[in-house]
Amino acid sequence: MNSSKDDKVSKMKQSEHRLLSVLMLLACVLAWVSPLMAATAAEQLRAADERYVDLLRDKKLRNDRANWLELVESYEKVRSKGPSAAAKADFKIGKVYEQLAGFSGREADNREAIKAYRRLAAENPRNSLADDALERAASIHESRLNEKQSAIRLYRQIIAEYPEGDQVKEARKALKELGAAEREPKAEKSETKESAKSKAKETKDKDAKDKSAVKDKGPSLEEAERQYLELLKNPALRKERANWLKLIATYDALKAEHPDQAIFKIGKLYEQLGGFSNQESDYREAVKNYRLLAETQPKSSLADDSLLRAGRIQELQLNDSEAARSCYQRIINNYPKGDMLPAARERLSLIKKAQLAEVKAEAKPAAAKPEVLKTEDRPAAVVKPETKPVEARAVRLEGANAKSDEASDLSPGQSARVKSVRAWNNGDYVRVTIELDSKVPFRTFVLPPNADAAKPFRLVIDLDKSSLASAGRAPGDAAGMVSKIRFSPQQGAKSRIVLDLKEEPSYTAFRLENPHRIVLDVRTLSQAARTPTIAAERPPVIAPAPAEAAVPVKPATKPSAANGKGFGRVKSGQPSRMPTDVPSIARQLSLKVSRIVIDPGHGGKDPGAISNGLREKDLTLAIAETLATRLRKEGYEVLLTRDRDETLALEERTAFANRKKADLFISLHLNANRDTKARGIESYFLNLTTDETAIEVAARENSTSTRSLGELQGIINDLMLNSKINESSRFATELHKGLLGSSRAVNYKGADRGVRQAPFYVLLGAQMPSVLLELGFITNEKDAELLQDPGYQKTLVEGIWRGVNAYINNTGYAFYGGSDS
Ligand SMILES: [Zn+2]
């Protein structure tokens with residue numbers, strides 16, 4: 001009895017015990033599992049991000065729609081892991097669909113993107129991505145689906161709900177461009193719907209009142225600008241001369257209040273009208289107004305622009321190169337610090353050249369003017385007219401398949417203007433930049449030589465719906481592999497630019513924004529074949545570097561293999577038997593880093609980040625100069641992309657490094673952040689990324705929006721296959737280590753923000769290991785104080801040169817890349 005009772009008790013106790021242990025186990029498991037679940041969300045996001053980058057990088061993957069949808073699915077799975085994960089996943093889903101739509105052109109894909117972005121904003125309105133998501137959704141409505149009302153609604157939502165957010169500026173701009181008023185953001189911020197409604201009504205009434213008031217007073221400058229854009233956009237309006245004259249009268253009435261802007265615009269209107277009317281009197285009016293502005297408002301920031309425009313019209317439309325000359329000369333004399341100086345110098349030297357040539361009675365090809373479409377090509381001396389368009393025989397040679405498939409910015413009937421064509425040339429490499437006033441699709445191809453017509457290899461760039469009439473003269477005779485850059489007669493709505501080449505080319509083409517540019521990097525095919533591939537970038541470490549290898553010495557002889565047979569350059573006397581992708585030991589030992597190009601970020605018109613009374617452009621220049629001195633002391637040859645406060649385009653900086661055959665390229669910058677507490681050092685190399693922070697930095701440094709950057713990643717990617725990603729990543733790592741080492745040694749407290757990757761235009765196309773350094777945050781008070789201190793600048797410089805030395809020494813061989821490729 002007792003025993004059975006005891007049994008029962010003990011059984012009960014046992015089961016109690018078992019229950020307890022089960023519960024404890026469960027608790028343990030739960031405690032173990034929940035962080036695991038959280039980790040899984042981050043893990044899954046990262047895995048999906050990696051797939052995303054792979055997809056962007058691999059054309060084959062990209063071309064298969066299933067891969068995109070699978071990627072969406074993997075982000076969908078992350079959505080259930082909590083609100084923060086859901087927001088991140090939704091943003092990526094939106095982006096994936098947005099990019100897919102860019103490739104597929106399907107409306108449904110655009111709709112899916114919008115859906116994901118809006119879901120994010122609806123379900124996680126307090127997430128920091130919410131306003132970005134709304135902005136992207138709005139921009140799809142606006143630019144891809146042509147649904148202006150929907151776009152306007154979303155832009156307004158951003159202003160009303162995220163007045164402190166970073167998308168407000170973009171939203172305001174967009175609304176302005178759409179001709180829509182923004183509602184008072186404050187009125188709607190923290191009020192009930194009803195009062196918001198009544199406020200909205202008030203605003204509406206006020207708007208109506210404002211409008212009638214405007215009618216009495218004549219339009220404001222803003223209204224005039226709007227009409228101006230409308231006129232340019234709308235072919236029906238443009239056709240009527242009366243509309244131009246009416247708008248000119250409108251600006252005329254604004255002269256008293258805004259003298260320089262109004263007069264400049266009148267000049268521009270006449271200039272543009274001249275482009276349509278082809279009437280000399282319109283061009284004369286334009287010149288008159290531009291000169292009036294320069295005369296009466298010499299201090300205006302538009303004065304030098306006016307002189308340049310007046311000069312160009314006189315030179316190119318009115319055939320008065322003497323008058324043009326005086327305009328250009330005035331820019332050089334009176335505005336030596338202005339941004340028109342280089343253009344003025346260039347035009348002046350072209351005029352001089354042309355006049356010399358005239359003296360020699362040489363036949364010159366006419367500047368491009370719309371002419372009848374006939375054949376692709378009309379050299380200065382036409383031998384035989386071609387019977388059939390050369391294009392039929394066009395062949396595509398090596399180089400990027402540079403047919404751009406993005407849509408243009410233009411509405412039907414409108415055409416873009418090529419504003420300039422510039423070239424940087426160094427013999428076996430040339431970079432050509434074509435600047436346009438809007439984005440148009442373009443196509444490039446190579447034509448083989450034609451002995452009959454005495455034509456060489458030609459690289460042809462066709463621009464859709466565009467005109468060369470405002471481009472000035474073609475660069476003409478060039479040195480090195482490009483013998484001539486010229487404009488082909490206008491082919492209907494298409495423009496054609498032709499590069500005459502001495503050799504078969506290899507080339508890549510890419511697009512930049514703000515302003516719209518198409519950039520071509522052209523090399524000789526034999527030269528390109530000698531460029532080591534990425535796989536070859538990390539050759540095995542060979543014998544320990546000889547002591548002398550640490551002291552960089554200029555190569556005794558510059559390679560003479562420029563026209564070689566496609567093999568790696570070797571020390572003279574060595575047989576040139578090495579395959580292209582394995583650098584010879586001789587080569588590894590004989591070539592040392594000698595030339596470093598330092599690029600002080602920003603400059604001139606572009607101040608970079610401004611904060612705490614400092615401008616990025618000033619600090620980067622100061623640090624660059626100190627760095628140059630330091631590196632020169634070490635025996636390096638150092639070149640700066642700029643040594644004063646001047647405006648330089650991003651592509652110009654890389655072109656400079658390529659042209660100078662630099663071995664290393666370092667672009668110096670300072671970071672900025674809305675969060676003024678953010679401080680620390682970041683080092684970047686060029687690559688695709690899905691890291692939002694890195695994208696933000698890249699967008700700022702590229703002076704483009706995060707949106708267009710996202711769209712461009714796929715295109716940029718194709719161009720990076722030849723870039724030295726691995727070497728650059730190693731170079732960035734060494735510089736970063738050096739920077740942290742030296743700054744920590746002086747007790748720097750900012751964060752180590754790591755070595756990161758992002759698509760920086762300034763690094764794009766660089767033919768040597770290249771990095772972009774963000775040396776500190778100008779927006780942080782403590783960083784700002786340090787950054788302007790010459791002592792701390794020296795500390796940073798010390799870190800960079802240590803990094804450079806470490807990069808070279810750790811390689812175990814002298815660097816072979818840059819000047820060879
Ligand atoms: Zn910068």
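Note that these values count all heavy atoms, side chains included, but never hydrogens, waters or copies made by symmetry. Numbering of ligands and ligand atoms starts at 1, following listing order.
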- Can you say whether the rings of Tyr807 and Phe731 are parallel (under 30°), tilted (30 to 60°) or perpendicular (over 60°)?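 The arrangement is tilted - the two ring planes meet at 30° to 60°.
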For [X], what is the atom name of its N, O or S atom nearest to the Zn ion (ligand 1)?
X	result
Glu616	OE2
His602	NE2
His669	ND1

- Item | N, O or S atom of Glu701 closer to the Zn ion (ligand 1) than 2.8 Å |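 Given the 2.8 Å cut-off, Glu701 counts as a ligand of the Zn ion (ligand 1).
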- Can we say Arg700 and Glu696 salt-bridge, meaning some charged N sits less than 4.0 Å from an Asp/Glu carboxylate O?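 No, Arg700 and Glu696 are not salt-bridged.
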- Query: Between Glu98 and Lys95, is there a salt bridge with N-O shorter than 4.0 Å?
  - Reply: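 A salt bridge is absent here (no side-chain N lies under 4.0 Å from a carboxylate O).
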- Is the distance between the ring centroids of Tyr748 and Tyr792 under 6.0 Å?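 Here the rings of Tyr792 and Tyr748 have centres that are less than 6.0 Å from each other.
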